[in-house]
Structures are given as structure tokens and as C-alpha cells.
Amino acid sequence: QVQLVESGGGLVQAGGSLGLSCAASGSIFSIDAMGWYRQAPGKQREYVARITSGGGTNYVESVKGRFTISRTNAKNTVYLQMNSLKPEDTAVYYCNDFIRGPGLREYWGQGTQVTVSS
């Protein structure tokens, strides 16, 4: 069984910074892509960022230049550093991993609230 545990959400003023982390544990052989999604109240869950096993990154246009995704393979952990936060970044943030061991499966974290006040 695999579990993803997120941490680091909270309340911050506009222009501030927050860092999120998501640690995977359990029967893990390796982790392919690791990513982050978010869901604001009354809206659908949307893609935020992704990092491949080779370190390649991709971001939704609205966070480019403000958010940075990274990973530590030895700790099976993915991070999201969020700078210059805006009220429209307010959402529940979910990590999303594609994990091998055995087979390849997609897993989601439990979600962590990020609130940006204006």
C-alpha cells in the first residue's frame, strides 16, 4: 500500500510565500512523474505543475515564474515553492504521483489548504 502525506499549507498575505511538500511511503520501487494540482471553491481541480523522474518541469501558465517544483528521490518527496502568491492561488493543493511497485499506479495526496488574503 502506498500513502502520500502532504504538509506546508496555511494562510499568507498576498505577495508572500509558502512551501508545500508531499512524501510518499509504502511499497515503492520507483516514482515516475510527480506533480501538484489544486481545487478552488466551486471550481474543478486544475493542473499546477509536474516534474519528471529526470527532473524536467512543466507549469500551468498562471504560476510560471512564481512557483517552483522540485523533488528528492531518496526521500520520495516532491515540493512546491510558491512565491508572490495571489488571492487567486487560494485552493486545496493535492500532490499526484505515478508510482511503480509493482505495476504503475496513480496516487493522490489528501490535500492541503492554501489561503492567500488580499
Side-chain angles (χ1 to χ4, degrees):
Q1 190 70 12
V2 172
Q3 186 177 18
L4 304 186
V5 178
E6 302 179 27
S7 60
L11 172 65
V12 66
Q13 289 189 331
S17 299
L18 276 178
L20 306 181
S21 64
C22 174
S25 62
S27 300
I28 298 171
F29 177 72
S30 65
I31 303 179
D32 286 5
M34 307 175 83
W36 292 92
Y37 286 70
R38 65 187 180 186
Q39 187 167 17
K43 295 187 176 181
Q44 290 190 332
R45 189 173 298 189
E46 68 166 352
Y47 165 83
V48 176
R50 181 166 301 282
I51 184 168
T52 68
S53 57
T57 59
N58 180 267
Y59 300 89
V60 68
E61 192 64 33
S62 61
V63 308
K64 283 182 180 179
R66 301 188 299 120
F67 290 12
T68 302
I69 189 170
S70 61
R71 61 190 285 172
T72 301
N73 291 330
K75 295 183 179 181
N76 292 330
T77 299
V78 62
Y79 308 92
L80 187 68
Q81 178 62 38
M82 304 180 292
N83 299 327
S84 301
L85 282 160
K86 304 176 181 180
E88 51 264 42
D89 294 318
T90 295
V92 177
Y93 283 70
Y94 298 89
C95 60
N96 171 255
D97 291 354
F98 286 85
I99 297 176
R100 296 184 181 274
L104 179 65
R105 289 187 58 187
E106 181 180 23
Y107 294 89
W108 291 89
Q110 81 282 4
T112 186
Q113 178 70 47
V114 171
T115 303
V116 184
S117 62
S118 57

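Basis for what follows: all heavy atoms, side chains included, without hydrogens, waters or symmetry-related copies.
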Check your understanding: Mind checking whether Val116 and Met82 have side chains closer than 4.5 Å, heavy atoms only?
Key -> no

Check your understanding: Who pairs with Lys43 by salt bridge (Lys or Arg N to Asp or Glu O under 4.0 Å), at least two apart in sequence or on another chain?
Key -> none

Check your understanding: Are the side chains of Leu85 and Phe67 in touch, meaning some heavy atoms are under 4.5 Å apart?
Key -> yes

Practice item. May I have all residue pairs that pass side-chain hydrogen bond (donor to acceptor under 3.5 Å, both in side chains) and include part of residues 22-36, sequence neighbours excluded? Key: Asp32-Arg100

Point to revise | Minimum-distance pair of heavy atoms, taken over all atoms of Cys95 and Val78 | key: CB-CG1, 4.4 Å

Study note, to complete from the structure: dist Lys86:NZ -> Ser62:OG (nearest 0.5 Å) comes out at 8.0 Å

Study note, to complete from the structure: Residue set satisfying salt bridge (Lys or Arg N to Asp or Glu O under 4.0 Å) with Arg45, at least two apart, ordered chain then number -> none

Review point. Do you know which two heavy atoms are closest between Gln113 and Val92, and how far apart they sit?
Key: OE1-CG2, 3.2 Å

Check your understanding: Are Leu4 and Tyr94 close enough that some pair of their side-chain heavy atoms sits under 4.5 Å apart?
Key -> no

Check your understanding: Looking at OG1 of Thr77 and CG of Asp97, how far apart are the two atoms once the value is rounded to the nearest 0.5 Å?
Key -> 9.0 Å

Exercise for review: Return the minimal non-hydrogen interatomic distance between Ala40 and Thr90, and the atom names on each side.
Suggested key: CB-O, 3.6 Å

Check your understanding: Roughly how far, to the nearest 0.5 Å, is CE of Met34 from CG of Leu80?
Key -> 12.0 Å

Less than 3.5 Å apart, which donor and acceptor atoms pair up between the side chains of residues 15-22 and the rest of the protein, not counting sequence neighbours?
{"from": "Ser17", "atom 1": "OG", "to": "Asn83", "atom 2": "OD1", "distance (Å)": "2.9"}
{"from": "Ser21", "atom 1": "OG", "to": "Ser7", "atom 2": "OG", "distance (Å)": "2.8"}

Review point. Mind checking whether Tyr79 and Thr68 have side chains closer than 4.5 Å, heavy atoms only?
Key: no

Study note, to complete from the structure: When rounded to the nearest 0.5 Å, the distance separating CG of Asn76 from CD1 of Ile28 is 4.5 Å

Check your understanding: What about Tyr47 and Tyr93, same hydrophobic cluster or not, with Ile/Leu/Val/Met/Phe/Trp/Tyr joined at side-chain heavy-atom distances under 4.5 Å?
Key -> yes

**Study point:** Ile99 side chain near Phe29 side chain, heavy-atom distance below 4.5 Å
**Key:** no

Point to revise | With sequence neighbours excluded, residues passing salt bridge (Lys or Arg N to Asp or Glu O under 4.0 Å) with Asp89 | key: Arg38, Arg66

Point to revise | Gap between atom CD of Gln13 and atom OG of Ser118 - 0.5 Å precision | key: 9.5 Å

Review point. Is it true that a side-chain atom of Arg50 and a backbone atom of Gly56 form a donor plus acceptor pair closer than 3.5 Å?
Key: no

Which pairs would a plain distance check flag for residues 103-110, meaning a side-chain donor or acceptor within less than 3.5 Å of a matching protein atom at least two apart in sequence or in another chain?
{"from": "Glu106", "atom 1": "OE2", "to": "Asn96", "atom 2": "ND2", "distance (Å)": "2.8"}
{"from": "Gln110", "atom 1": "OE1", "to": "Glu6", "atom 2": "N", "distance (Å)": "3.3"}
{"from": "Gln110", "atom 1": "NE2", "to": "Glu6", "atom 2": "O", "distance (Å)": "3.3"}

Practice item. Say whether Val2 and Phe98 are linked into one hydrophobic cluster, either directly or through other cluster members, by side-chain heavy-atom distances under 4.5 angstrom. Key: no

Study note, to complete from the structure: Heavy-atom closest pair (Ile31 atom, Ala24 atom, distance to 0.1 Å) is CD1-CB, 4.0 Å

